[in-house]
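No experiment lies behind these values; they were computed from the predicted model shown. Every chain is numbered from 1 and lettered A, B, ... according to where its sequence line falls, protein lines coming before strand lines.
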2 protein chains.
Amino acid sequence: MKIADITRQALLDHATDVFAESGFEGASVREITRRASVNQAAINYHFGGKESLYRDVLRLAVAALSDASLLDENTIDSVSRDEAVRLFIRQQVTPLLKHGQIGRYLRIFAWETLAPTPVYRDFIASERLPIMDQAEKIVRRFLPAGAAGEDITIATIWLTQQVTPFIRHYDTLSKPPLSLKIDKGFIEQLAADLGRMAVAALSVRSTLSPDITAQDSSLLPVHNSRNMQRSKT
Amino acid sequence: MKIADITRQALLDHATDVFAESGFEGASVREITRRASVNQAAINYHFGGKESLYRDVLRLAVAALSDASLLDENTIDSVSRDEAVRLFIRQQVTPLLKHGQIGRYLRIFAWETLAPTPVYRDFIASERLPIMDQAEKIVRRFLPAGAAGEDITIATIWLTQQVTPFIRHYDTLSKPPLSLKIDKGFIEQLAADLGRMAVAALSVRSTLSPDITAQDSSLLPVHNSRNMQRSKT
DNA sequence: ATAGGTTTTAAACGGCTCTTTGAATTTCAA
DNA sequence: TTGAAATTCAAAGAGCCGTTTAAAACCTAT
């Protein structure tokens, strides 16, 4: 491996760290190059600027998330819809363990959902995020066939965002006063709990779902009521 | 009203905007003072610095969220647990409408959950956020009496984070290609859907909950299984 | 070994950041 | 009205930002 490739790789690696910690704007090229133990001008020489470096990190992120995916085009339809949800949740929870790997990428995307950078906008405009397609595919199996596009969008966003709070609250969980140990057992349980809750939540959106509680009669079964209840503005 | 109070109020108001848009670090005193049409030094004169201004904004935020709360100590226990969840969800969804009001505060807290500022850490260390207390109180009504503290924490975080994705994705929803109209009807429906899903999700955590779906036999009722399944590390 | 291209380095540039300063202005009470 | 206090203002200070530059060091192939 050429020496230039080593610094290039070091830059990508530490840039991922810093971008995950502070977001694109909050990250400084000085901090990145310092951690990578390379000269400050290295980013501009190897990548052409901070933005291009970030673009490459985003590219690696989607690639890594695709590789780590438990679901592909085939399995997503060959398993039960409940199992699909559980797999979808699990593939997002497990990165909490491997801290040096995919967890950083999820944090970068968390920054982008809060305040999208122009780089990110360009990025998703060109290549779609597979995670969104997966979520939509799964959601469609729960919603009625004639569900409105808005219903699907809302449910899709909802599903994709079920795990990210725990990515974001990683520090809250692992540090005092909670000091939870984020080990394999914890991850397993978290995946199981979240999967179960997600299945239950999506099931009430389905016309097939039974009444979910006996102690609240106002919870009538829903039949794609979205459009019926809109205000007539 | 004294003139000094007018600029002070203008600073607080526009600071809330900028902090909500860009977070604490991303916000600049130049931008705030420019929007407030006051001198750049005004923040330091009236508040003593950017940090103190932010502290005051946070103070106003928790106060406003408390005022806008549909739940207080009394009602949270006087209604059914399902109704409590729905009210909790609704009180967070409605700010999506009143853009100039509470929505900004929720966005500020969204920034803080992603990367807490020292100011925020100090802040919550002194006075607890009522929303967390509410969520925990509600969650406890769903979990078994002997539930582990970790289970409660996880479920509490989960409940508080059910709405924020939609606060964050406000632009995604309202702008092309979706271009959803965020009107009263939409908010009502969103609150209803999220409320129903949240109740369903929390119900499966309860020993009282019935089986929620017939097509997946692996979904057995759960009995506070968290501790039983932990790895023996 | 040497020439030629690649990579690294230190320094500087221009622009933005928050804060400080001291004078000019406005406000308000005597 | 006058004088002291409160407030506003323009300017400058000190520091970090991303980027550019040109010289130095390094590799590699002849």
Can you figure out which of dT6(C), dT19(D), dT20(D) approaches the side chain of Val29(A) most closely?
dT19(D)
Phe47(A) CZ to dG18(D) P, in whole Å, measures 15 Å
Establish, with yes or no, whether the OP1 or OP2 oxygen of dT7(C) is under 4.0 angstrom from a side-chain nitrogen or oxygen of Thr7(A).
no
Nearest-Å distance for atom pair CG/C1', residues Asn39(A) and dA12(C)
13 Å
Parallel, tilted or perpendicular, judged at 30° and 60°: which one describes the rings of Tyr54(A) and Phe19(A)?
perpendicular
Starting at CD of Glu51(A) and ending at C1' of dT19(D), how long is that distance when rounded to a whole Å?
13 Å
Which one, dA10(C), dG18(D), dT20(C), comes nearest to the side chain of Arg30(A)?
dG18(D)
note: Gln40(A), atom CD; dA11(C), atom C1'; distance rounded to Å ~ 11 Å
Grab the CZ-P distance between Arg34(A) and dT8(C) for me, whole Å please.
19 Å
Distance check: side-chain N/O of Asn44(A) vs OP1/OP2 of dG18(D), anything under 4.0 Å?
no
In whole angstrom, what separates Ile32(A)'s CD1 from dT19(D)'s P?
10 Å
On the nucleotide dA6(D), are OP1 or OP2 found under 4.0 Å from the side-chain N or O atoms that His46(B) carries?
no
CD1 of Ile43(B) versus P of dT8(D): gap in Å, rounded?
13 Å
Please step through side chain to side chain contact (heavy atoms under 4.5 Å, CB included) for the pair Ile32(B) and Leu53(B), ending with a clear verdict.
CA-CA 11 Å; Ile32(B) 295 172; Leu53(B) 169 60; 4.3 Å; yes
